[in-house]
Amino acid sequence: MASVIEVTDLRKSYGGRAVVDGVSFAVEEGEIFGILGPNGAGKTTTVECVEGLRVPDAGRVRVTGLDPVADHDRVARVLGAQLQQSELQPKLTVREALELYASFYPKPADWRTLAERLGLTDKLDTGFAKLSGGQRQRLFIALALVGDPRIVVLDELTTGLDPRARRDTWQLIEEVRAGGVTVLLVTHFMEEAQRLCDRLAVIDKGRVAALDSPAGLIRRSAGATVISFTPSAAPDEADLAALPELASVEHRDGRITLTGTDDTVDALLTLLARHRITAHQLRVVDATLDDAFLDLTKEVTA
């Protein structure tokens, strides 16, 4: 697929401190591409450079081949954005906000269709101040889409939402992509990134620590699988240490916990059967993106 966003060796500093330090990635048309990282990692500064809201100190940014700063007006016609912190006038109604933002574009999307699609039709005459957190986020998604963009940037979209509102918003993002819009999603929620994103750039301290699919990042972690059990008899430590792709072994209160891969599990079960050791309360759990993130960034954050 063609890349609709290209970021190459992006750098941005404030007060002599590098906030973004050589970030590079490309977003393919039609995907949900995530930028994942802790608070202060440089995520928002990176996407603000993509949006043309900040001028990079060095590096190259292109959106559908255009420079977001030099070609800002043209980029604004193909890229919609929901900022990390957004507010509207308290008394501005949903209808007024949608009509106002639609007037900014030569060929806007039908805001009435957007309102219906995002569940806002019955709130058109409600003032912004009276909307719930989830309703406000739906409105900001609508405002980001009202220009009928090819790309939409969503920055920390679900921060502050309750679990139900967050999951409803995830479904909306999936529907946006299904409608043909490329999504650049900024988040620090691991579950959100794992559910929604086709690929992820993990950013920490202004640098890309890893770039892969969520499953790929998990596979690259030191222990993609966790095995725990209470043995009927103690296995030989040398045998445990010799298990393939073993990352760690921990003994606590008679229970053994190992991290490794599927190959580690298979070899362990063979070992236990050979020595006629029963594994009581055996549990095998796949690692999550949270586990992978901690492992992938531990050297950077040490």
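When reading the values below, keep in mind they use all heavy atoms of this one structure, side chains included, and skip hydrogens, waters and symmetry mates.
Electrostatic pairing of Glu48 and Lys12 does not count as a salt bridge here, judged by no charged N lying under 4.0 Å from a carboxylate O. A salt bridge is defined here as a Lys NZ or Arg NE, NH1 or NH2 lying under 4.0 Å from an Asp or Glu carboxylate O, and Arg167 with Glu192 fails to meet this definition. Electrostatic pairing of Asp21 and Arg11 counts as a salt bridge here, judged by a charged N lying under 4.0 Å from a carboxylate O. Salt bridge status for Glu96 with Lys91: absent, with no side-chain N to carboxylate O gap under 4.0 Å. Ion pairing of Asp67 with Arg62 is present here, as a side-chain N (NZ or NE/NH1/NH2) and a carboxylate O approach within less than 4.0 Å.
Closest approach of Ala267 and Pro244 over heavy atoms only: CB-CD, 3.4 Å. The shortest heavy-atom contact between Ala115 and Leu124 is CB-CD2, 4.0 Å. For the residue pair Phe293 and Pro38, the shortest heavy atom distance occurs at CZ-CD, 3.4 Å. Between Val61 and Pro68, the shortest heavy-atom distance links the atoms O-CD, 3.3 Å. Scanning both residues, Gly80 and Pro149, for their nearest heavy atoms gives N-CB, 3.5 Å. The two residues Ala142 and Leu120 have their closest heavy-atom pair at CB-CD1, 4.4 Å.
Atom OG1 of residue Thr230 and atom CZ of residue Arg255 lie 4.0 Å apart, to the nearest 0.5 angstrom. Taken from OG1 in Thr259 to CD1 in Ile227, the straight-line distance is 7.5 Å, to the nearest 0.5 Å. One distance of note links OG1 of Thr182 with CZ of Arg150; it measures 7.0 Å at 0.5 Å rounding. Put simply, CG on Leu258 and CG on Leu243 are 6.5 Å apart, with the number rounded to the nearest 0.5 Å. Rounding to the nearest 0.5 Å gives a distance of 6.0 Å between CD of Glu174 and CD1 of Ile32. Here the CD1-CG distance, from Ile277 to Asp239, works out to 8.5 Å after rounding to the nearest 0.5 Å.
Within the 4.5 Å cutoff, side-chain heavy atoms of Ile141 are placed close to those of Leu118. Looking at heavy atoms from C-beta onward, Val284 lies out of side-chain contact with Val226 at the 4.5 angstrom threshold. Looking only at side-chain heavy atoms (C-beta outward), Phe25 and Thr8 stay at 4.5 Å or farther from each other. In this structure the side chain of Val4 never reaches within 4.5 angstrom of the side chain of Glu28, judged on heavy atoms. Side-chain atoms of Cys49 and Thr46, non-hydrogen and from C-beta on, never get closer than 4.5 Å to each other. Using a 4.5 Å heavy-atom cutoff, the side chains of Val47 and Lys43 are not in contact.
Residues Val75 and Leu10 are members of one and the same hydrophobic cluster, defined by side-chain heavy-atom contacts under 4.5 angstrom among Ile, Leu, Val, Met, Phe, Trp and Tyr. By the rule that hydrophobic residues join a cluster once side-chain heavy atoms approach within less than 4.5 Å of another member, Val186 and Val50 end up as members of one cluster.
The closest donor-acceptor contact from the side chain of Arg177 to the backbone of Leu172 lies at 3.5 Å or more, if one exists at all. A side-chain donor-acceptor contact under 3.5 Å links Ser132 to the backbone of Gln135. Side chain of Asp198 to main chain of Glu31: no donor-acceptor pair is present (N/O by atom type, distance under 3.5 Å, no hydrogens or angles). Between the side chain of Thr187 and the backbone N or O of Phe189 there is at least one donor-acceptor pair closer than 3.5 Å. In terms of modelled atom types and a separation under 3.5 Å, the side chain of Thr278 and the main chain of His280 share no donor-acceptor contact.
For Thr158 and Thr169, the side-chain atoms include no donor-acceptor pair closer than 3.5 Å. Neither side chain, Ser24 nor Asp9, offers a donor N or O lying under 3.5 Å from an acceptor on the other. A donor atom on one side chain and an acceptor atom on the other are not found under 3.5 Å apart for Glu245 and Thr264. No side-chain N or O of Glu99 forms a donor-acceptor pair with one of Trp111 less than 3.5 Å apart. Inspection of the His72 and Glu51 side chains reveals no N or O donor paired with an N or O acceptor under 3.5 Å.
The side-chain contact (heavy atoms from CB on, under 4.5 Å) with Val27 is formed by just one residue from the set Ile5, Ile151, Val7; it is Ile5. Partner of Leu88 under the side-chain contact (heavy atoms from CB on, under 4.5 Å) criterion, chosen from Leu139, Leu100, Thr93: Leu139.
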Margin query: side-chain contact (heavy atoms from CB on, under 4.5 Å) for Cys197 and Leu200? Distances and angles first, verdict last.
Written below: CA-CA 7 Å; Cys197 298; Leu200 285 165; 3.7 Å; yes
Margin query: Assess the residue pair Leu114 and Glu116 against the criterion (side-chain contact (heavy atoms from CB on, under 4.5 Å)); give the C-alpha distance rounded to whole Å, side-chain angles, the decisive distance to 0.1 Å, and a yes or no.
Written below: CA-CA 5 Å; Leu114 277 177; Glu116 181 177 358; over 6 Å; no
Checklist line | Criterion side-chain contact (heavy atoms from CB on, under 4.5 Å) on Trp170 and Arg195, from CA distance to verdict | finding: CA-CA 8 Å; Trp170 292 349; Arg195 162 157 174 183; 3.7 Å; yes
Next item on the list: Before giving the answer on side-chain contact (heavy atoms from CB on, under 4.5 Å), spell out for Phe128 and Val94 the whole-Å C-alpha distance, their side-chain angles and the decisive distance to 0.1 Å.
Entry: CA-CA 7 Å; Phe128 179 76; Val94 171; over 6 Å; no
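Within 6.0 Å of CZ in Arg95 there are more than 12 heavy atoms belonging to other residues, nucleotides or ligands. More than 12 heavy atoms of other shown residues, nucleotides or ligands fall within 6.0 angstrom of atom CD in Glu175.
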